[in-house]
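Bear in mind the structure is a predicted one, so any value in this text is a computation, not a measurement. Numbers restart at 1 for each chain; the letters A, B, ... are given by sequence-line order, proteins then strands.
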Amino acid sequence: MTATRVPFHDEILLLDPSGAVFLSAARMLVVADLHFEKSSSAALQGSLLPPYDTRITLLKLQRVVNLYQPMSLVFLGDSFHDRTGHNRLHTADFALLRKLAAKTRIIWVTGNHDPDLDSLPGEIVPCWQEGNICLRHEAQIINSHYEISGHFHPKASIMTRGKRITRPCFAMHNKRLMLPAFGTYTGGLDVNAAGIASLFPAGGQVFLLGKDRLFRFAMPIV
Amino acid sequence: MDILPPLFADWFAAQGWQLRAHQQAMLEAAASGDNTLLIAPTGGGKTLAGFLPSLIQLADTSSSGQGLHTLYVSPLKALATDIARNLVAPIEAMQLGITVETRTGDTSATRRARQRQRPPDIMLTTPESLALLLASEESAAFFKNLRCVVVDEIHALAGTKRGDQLALCLSHLASLANLMRKTGLSATVAHPQAMLDYLGPNTKLINAGGGAPPEIRLLLPAQRIPWAGHMGLAAAETVLAKISQARMSIVFVNTRAQAELMFQNIWKHNTNTLPIGLHHGSLDITQRRRVEAAMGRGDLRAVIATSSLDLGIDWGGVDQVIQIGAPKGVSRLLQRIGRANHRLDEASQAMLVPANRFEVLECEAAMAAVQEHTLDGDPPRPGGLDVLAQHLMGLACAGPFHPDVVFAEVTSVGPYADLSRRDFDDVLMFVENGGYALAAYERYRKLFRDSEGLVWAANDMVVRQHKMNIGTIVEASKLKIRLAGRRAAFGPALGEVEEYFINNLTPGDTFIFAGRLLVFLRLRDTVVEVAEGGKGDPKVPAYQGGRMPMTTHLASRVRTMLHDPSCWTSLPDDVQEWLHLQKQRSVMPGPDDLLVETFPRHGRWYLVAYCFEGRNAHQTLGMLLTKRMERFGFRPLGFVATDYVLAIWSLQEPDNIAQLFSQDMLGDDLEEWLAESSLLRRSFHHVAVIAGLIHRNQPGAEKSRRQVTVNSKLIYDVLRKHQPDHVLLRATRADAGGGMVDIGRIALLLERARHKIVHMVLPRVSPLAVPVMLEIGRERVTGEATEDELLLEAGALLDDAMAPSAVAV
């Protein structure tokens, strides 16, 4: 696993191939859009998807936390797939969360899928200010400040040798960093789609997630 | 003749008809209550033979008006409608007072409701509509008095998922209606026993015998026969000339892209503006109906068509069939030729137009096979577990059932005769609660069991959801194509293309579709907006799974022909010359060996294997061989596969060929590649949709599907890692192991190679290798690099291109 180092205001960010970002000065780990309990949410609607997603996401998170040993861990919204998701968490999964909370300070930023979080280890906030960097679920159109967000699940497609390769990605320009979704059952939105492209009017860079490294390309992708 | 009641005898006489032997046999079998399979060629009065017993029974007694008497199921909606029209004629002429109605996806809700209350005597339907009927609570009462079910075009259904669904429906119908007889109607097939088994035990075979053998000729382009390519466009002018000499022709091609291109090319030469139409499965349904109607009226002189016209309504006016490109299989060819046959005793006229030199051999082989009355095609594969899952949910929707009873029921029909109880229980468990090792879904189960062991649907929601998602046809993600209309409104719909084709277009690009040159304007939601016209080199949409491989039977005939120079005399001169040259420079592939040639060219080494196992098998083999060559240190760069051969190029000279082709190839490498391949992911998607894991339609919420569903690739990855023996993965592997991967044919090939591998080290390219060498530039080359390696390479390429010029040397 090789993270990509990028400067961001007074921070050095480590973009991790798992989709997490580590703010090295603040020793803060940030993950977005975990969509815990998406499978049980689908089950409520009659689709009995393999119920392993929450556990897989948690174990992946545990590995990243062990790697970076952060002082704090920020969930950047849509941590649960629906409003009642946190009530459906399996006891074993809840225990895993507690274990994480014992190691590091946890901050839950709420998202549009999970505005009513409660009874979770850690603080629950609408957004988080870390020095001059604002951490929020959904990017704001006008960002005069440095901002890290999630929400859109950015992904990008590269055409090479007649083959289209699509991966979740970080999207970045100047003061804005957008994280890929960290969850197991999370799809994505192409960075060329209006929703994301309008947030990067001057283009920028994308970092596609690989097995153990990132792949950088210019945005918009042609 | 006394088996025919006087009323019917008079009607036959009035038509100038005589009762045919097979029609008589069908009546006798019906009288003794036997299940029957009628095998007859087109034009044999097959449909009438199927219905005659029911018509007589309904006319004779007070059986009409006693609820549904006869159910007819066909794979095509259009066929159901057409048959209904044809049945009305005798019923009215004899004033039988029998009611006939269709019930398909097009039937209005009010009509369907009325049919449930007052069923017609005869109902014509499709497998999907039947499955929906059976999932209703009233189904037991509705089918109680059913006496006969007629399954048409059974050869086209057996071995497909739609066929599996129908077989399961039949198994259940038989227990609802204990007086029911089953009758299957089939074209001539290579595996009649499998068709009999499909209907269940104790089915009587009635064979109408073959009609007059067709007259098939080879039609060659005026110029030399092309070395490579499979479109056959060079023959357009010659084909047009033949069209102008016949009353009405069907020009069959092998893919939709080929249909579009051939249509363009024929019209380029069509200075007399003969009315010539286009018909393929991606065209808008109204366009297709318009073409079919014009054919019915005899307004067209020719239709360029794909397999979309293989089945269906019999157009009396067609007197010539032209097959462009390789026939691919003998049975398939006969089916197509049969479209020009309307009377049993008349030979149908057909012409084969090979697109390249290998196809000349394939056409000759097919013609010889037709002469010798041999047929081909694989026997139908066992029924899919995904379809069984859908069926079990459907049964629960109709009412509680006992698993033991249903297990006995489903194993009574051919496709599920060998189903193990373990598989059955796993499928039931999957429907019930997902069947996951981690038992997390107690609260969300879709079925529950009462104290007597009966299985019930858990609630109304799962019932509604199931009824909205019945069916086994899963289409690739497609986008509608519409002309731009006035004031931002949409104009007429032209048809559908696969999403990935549009993803690779930018506005202003042109492409050929529905026989028109179109320019891509924009994508609006799921609609591709286009305008007519445009400049530049137009693209042609291709479709997944569009190309089917040559059958094993035809392949072995081609191999035999190649090896025996006495067969060559009937071949065109340039083909003969080509084969003689090969014999001088290298050797001919033998009927039961494997010829492998290696030669250098432009600093690379080429390995050409003459496997003749079809493109799909060669694709898989190419993957596996490049992997091995990598390990052997030959540094392979890429490969290309045709129906006949496989070519791989590398930096090092490949030797030790026997070792390279050894049978252990089908071990770990295959497993690993299969698991990662997009093929399996695609198969899984189909399985997941059919089994009801992913729903195409959701009650209530009008949310876009993307929002509510989880990408099946993600589910596949999770399941493969955490529960590799899950029943849906087993179903996926069973699906993929067949057609697309063709592991069976690779195994046969390796067996052949084990006995006799002929390796020729040549100083230069051999004549027989030229066609595949010419394909190298055209086909997409598949290397061995992983996706990550490709991304790295693409990234590096861009970095180089973008680097400041000062860095350049």
Side-chain angles (χ1 to χ4, degrees), chain A residues 17 35 37-57 81 88 90 92-93 153 155-169 181 183-190 192-193 206-218 221-222, chain B residues 430-441 443-446 458-459 461-462 464-466 500 503-504 506 638 688 692-695 698-699 701 706 708-711 713-715 717-719 721-723 726 728 780-783 785-788 790-795 797-799 802:
Chain A
H35 288 260
E37 293 306 307
K38 185 161 180 173
S39 59
S40 59
S41 185
L44 280 168
Q45 298 188 46
S47 288
L48 304 182
L49 303 181
Y52 309 116
D53 54 328
T54 300
R55 185 72 49 87
I56 293 169
T57 308
H81 187 65
R88 296 196 306 270
H90 197 275
D93 294 333
H153 304 199
K155 64 172 185 182
S157 291
I158 303 296
M159 279 294 288
T160 175
R161 291 218 223 159
K163 205 175 161 160
R164 176 180 294 270
I165 302 175
T166 303
R167 293 288 172 83
C169 65
T184 304
Y185 283 161
T186 45
L189 179 67
D190 196 278
N192 288 347
V206 290
F207 300 84
L208 275 66
L209 307 191
K211 238 189 190 112
D212 42 32
R213 55 162 290 172
L214 298 175
F215 301 96
R216 184 171 57 87
F217 293 89
I221 292 164
V222 284
Chain B
F430 160 77
V431 180
E432 196 168 351
N433 62 17
Y436 301 110
L438 195 75
Y441 281 149
R443 280 191 285 169
Y444 314 110
R445 43 178 49 249
K446 288 159 83 170
N459 53 53
M461 190 218 19
V462 297
R464 272 204 314 277
Q465 193 173 43
H466 175 78
Y500 85 97
N503 285 340
N504 293 337
T506 44
L693 183 67
I694 300 172
H695 297 113
Q698 195 69 21
R706 277 161 207 240
V708 290
T709 62
V710 174
N711 188 329
K713 284 178 194 156
L714 299 171
I715 302 172
D717 287 341
V718 164
L719 209 48
K721 237 189 225 144
H722 297 271
Q723 202 172 340
H726 190 267
L728 290 195
R780 176 199 292 180
V781 170
T782 329
T786 63
E787 279 196 357
D788 271 25
L790 288 176
L791 279 175
L792 188 62
E793 180 192 84
L797 210 65
L798 287 178
D799 284 349
M802 305 302 280

What I'd like to find out is whether the side chain of L208(A) reaches to under 4.5 Å of the side chain of C169(A), using heavy atoms alone.
yes

Under 4.5 Å heavy-atom distance to chain B, tell me which part of L49(A) shows up: side chain, backbone, both or neither.
both

So what's closer than 4.5 Å to chain B heavy atoms on S41(A): side chain, backbone, both or neither?
neither

I'd like to know which of R445(B), K713(B), K721(B), Q723(B) tops the heavy-atom pair count under 4.5 Å against chain A.
Q723(B)

Could you check whether any side-chain heavy atom of T54(A) comes within less than 4.5 Å of a side-chain heavy atom of R88(A), counting everything from C-beta outward?
no

What's the spacing between L714(B) CG and T186(A) OG1 if we round to 0.5 Å?
7.0 Å

Looking at L48(A), T184(A), D190(A), which makes the most heavy-atom pairs under 4.5 Å with chain B?
L48(A)

Contact origin within F215(A) toward chain B - heavy atom pairs under 4.5 Å
side chain

Can you give me the closest heavy-atom contact between Y185(A) and S39(A), atom names plus distance?
CE1-CB, 3.8 Å

Heavy-atom proximity to chain B below 4.5 Å, by part of S157(A)
neither

Residues that H722(B) engages under ring pair (Phe, Tyr, Trp, His ring centres under 6.0 Å), provided they are two or more places apart:
Y52(A)

